[in-house]
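Residues take their numbers from the sequence shown, with the count starting at 1. Please read these numbers as outputs of a predicted model, since none were measured by experiment.
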Amino acid sequence: MKKLILPFIVLLFLLSGCSKDSSAPKTVEQPDKLLKGEEQFSYYGKAEKIPDSAGFFVLENTSENITKIQKADDNCVIVNEEDEIRCIMIKNNDIVTYKEISVGDSVEKVTDSFQHVTKQGDVYQAVFWENTEEDPSKQTRDDNWLWISYYTENSKITMIQIADTTFMQFFK
């Protein structure tokens, strides 16, 4: 009888889910997702879905704000009239992006994480269609490509911008 009790207890433990490590950190598994602590949010969401703890300033989609967002000292998002996120600018190192990349990480983390990284000056870019990495040098670009731009200084990421192709036209 004693021989049956121990395997039965182990089986109950496994079936109950108690063996899962609930302290395991969350990861960012899609290019449009971001993580602040345990709270995840998305580029394709509404500004109201961004956790207050993430500390983002919400700006309207105006040409003045498009210029202002790159010079801001804090995390910012630009939204359209429907409160949909159109651009995310990350300045603080407590926001985690795709492939667990944050402000303060090395350029090597970006170049090692993606197959088709392009570099223009001190900005590295990776591009995605849904969850698939694309080659940004393609002549034909889909309006829904998601661009992640890593601004760098001295081989360290100083700012991360996430926007789609349509919105990125404002920065050209």
Colleague: Sorted by first residue and then second, give each ring pair (Phe, Tyr, Trp, His ring centres under 6.0 Å) pair with at least one member in residues 48-72; sequence neighbours left out.
Modeller: Phe41-Phe56
Colleague: For residues Tyr98 and Gln30, is any side-chain donor paired with an opposing acceptor at under 3.5 Å?
Modeller: no
Colleague: In Å, rounded to the nearest 0.5 Å, how long is the span from CG of Leu146 to CD1 of Ile88?
Modeller: 8.5 Å
Colleague: Decide if atom CG of Asp73 counts as having more than 12 heavy atoms of other residues, nucleotides or ligands within a radius under 6.0 Å.
Modeller: no
Colleague: Are the side chain of Ser155 and the backbone of Val107 linked by a donor-acceptor contact shorter than 3.5 Å?
Modeller: no
Colleague: Looking only at side chains, do Asn93 and Ser102 share a donor and an acceptor under 3.5 Å apart?
Modeller: no
Colleague: Taking side chain to side chain donor-acceptor pair (under 3.5 Å) as the test, write out the residues that go with Asp94, two or more places apart.
Modeller: Lys36
Colleague: Taking it one step at a time, do Ile95 and Val103 satisfy side chain to side chain contact (heavy atoms under 4.5 Å, CB included)?
Modeller: CA-CA 8 Å; Ile95 305 294; Val103 169; over 6 Å; no
Colleague: Among Trp147, Tyr150, Tyr151, exactly one meets side-chain hydrogen bond (donor to acceptor under 3.5 Å, both in side chains) together with Gln161. Which residue is that?
Modeller: Tyr151
Colleague: Between Ile162 and Leu34, is the side chain to side chain contact (heavy atoms under 4.5 Å, CB included) condition met? List the steps.
Modeller: CA-CA 10 Å; Ile162 302 173; Leu34 297 102; 3.9 Å; yes
Colleague: For the CG atom on Asn154, are there more than 12 heavy atoms of other groups (residues, nucleotides or ligands in this structure) within a distance under 6.0 Å?
Modeller: no
Colleague: For Thr62, give me all partners under side-chain contact (heavy atoms from CB on, under 4.5 Å), at least two apart in sequence or on another chain.
Modeller: Glu60, Glu64, Asn65
Colleague: I'd like to know if the side chain of Thr97 reaches the main chain of Ile101, judged simply by a donor and an acceptor atom lying under 3.5 Å from each other, with no hydrogens or angles considered.
Modeller: yes
Colleague: Do Val117 and Val110 make a side-chain contact, defined as non-hydrogen atoms from C-beta onward lying under 4.5 Å apart?
Modeller: yes
Colleague: Applying side-chain hydrogen bond (donor to acceptor under 3.5 Å, both in side chains) as the test, list every pair that has at least one member in residues 116-134; sequence neighbours left out.
Modeller: Gln125-Ser149, Glu134-Lys138
Colleague: Would you give me the side-chain donor-acceptor pairs under 3.5 Å for residues 75-82, sequence neighbours excluded?
Modeller:
from, atom 1, to, atom 2, distance (Å)
Asn75, OD1, Lys91, N, 2.7
Asn75, OD1, Asn92, N, 3.1
Asn75, ND2, Ala54, O, 3.2
Asn80, OD1, Glu82, N, 2.9
Asn80, OD1, Asp83, N, 3.3
Asn80, OD1, Glu84, N, 3.0
Asn80, ND2, Glu82, OE1, 3.4
Asn80, ND2, Glu84, OE1, 2.8

Colleague: My understanding is that only residues two or more places apart in sequence, or in another chain, count here; which of them pass side chain to side chain donor-acceptor pair (under 3.5 Å) with Thr111?
Modeller: none
Colleague: If you compare all heavy atoms of Thr158 against all heavy atoms of Glu153, which two are closest, and at what distance to 0.1 Å?
Modeller: CG2-CB, 3.7 Å
Colleague: Output every pair passing side-chain hydrogen bond (donor to acceptor under 3.5 Å, both in side chains) with a member in residues 43-59, not counting sequence neighbours, ordered by first then second residue.
Modeller: Glu39-Ser53, Tyr43-Asp164
Colleague: Using the side chain to side chain contact (heavy atoms under 4.5 Å, CB included) rule, take Asp32 and Phe128 through it: C-alpha gap first, then chi angles, then the decisive distance, then the call.
Modeller: CA-CA 9 Å; Asp32 64 305; Phe128 304 89; over 6 Å; no
Colleague: Start with the C-alpha gap between Ile160 and Met89, add the side-chain angles, then the distance that decides, and say whether side chain to side chain contact (heavy atoms under 4.5 Å, CB included) holds.
Modeller: CA-CA 6 Å; Ile160 301 171; Met89 192 66 78; over 6 Å; no
Colleague: According to the salt bridge (charged side-chain N to carboxylate O under 4.0 Å, His left out) rule, which pairs have a member within residues 95-105, sequence neighbours left out?
Modeller: Asp105-Lys109
Colleague: Taking all atoms of both residues into account, what is the closest heavy-atom pair of Ile69 and Cys87, and its distance?
Modeller: CD1-SG, 4.1 Å
Colleague: Measure the shortest side-chain to side-chain distance between Ile66 and Asn61 over non-hydrogen atoms and say whether it is less than 4.5 angstrom.
Modeller: yes
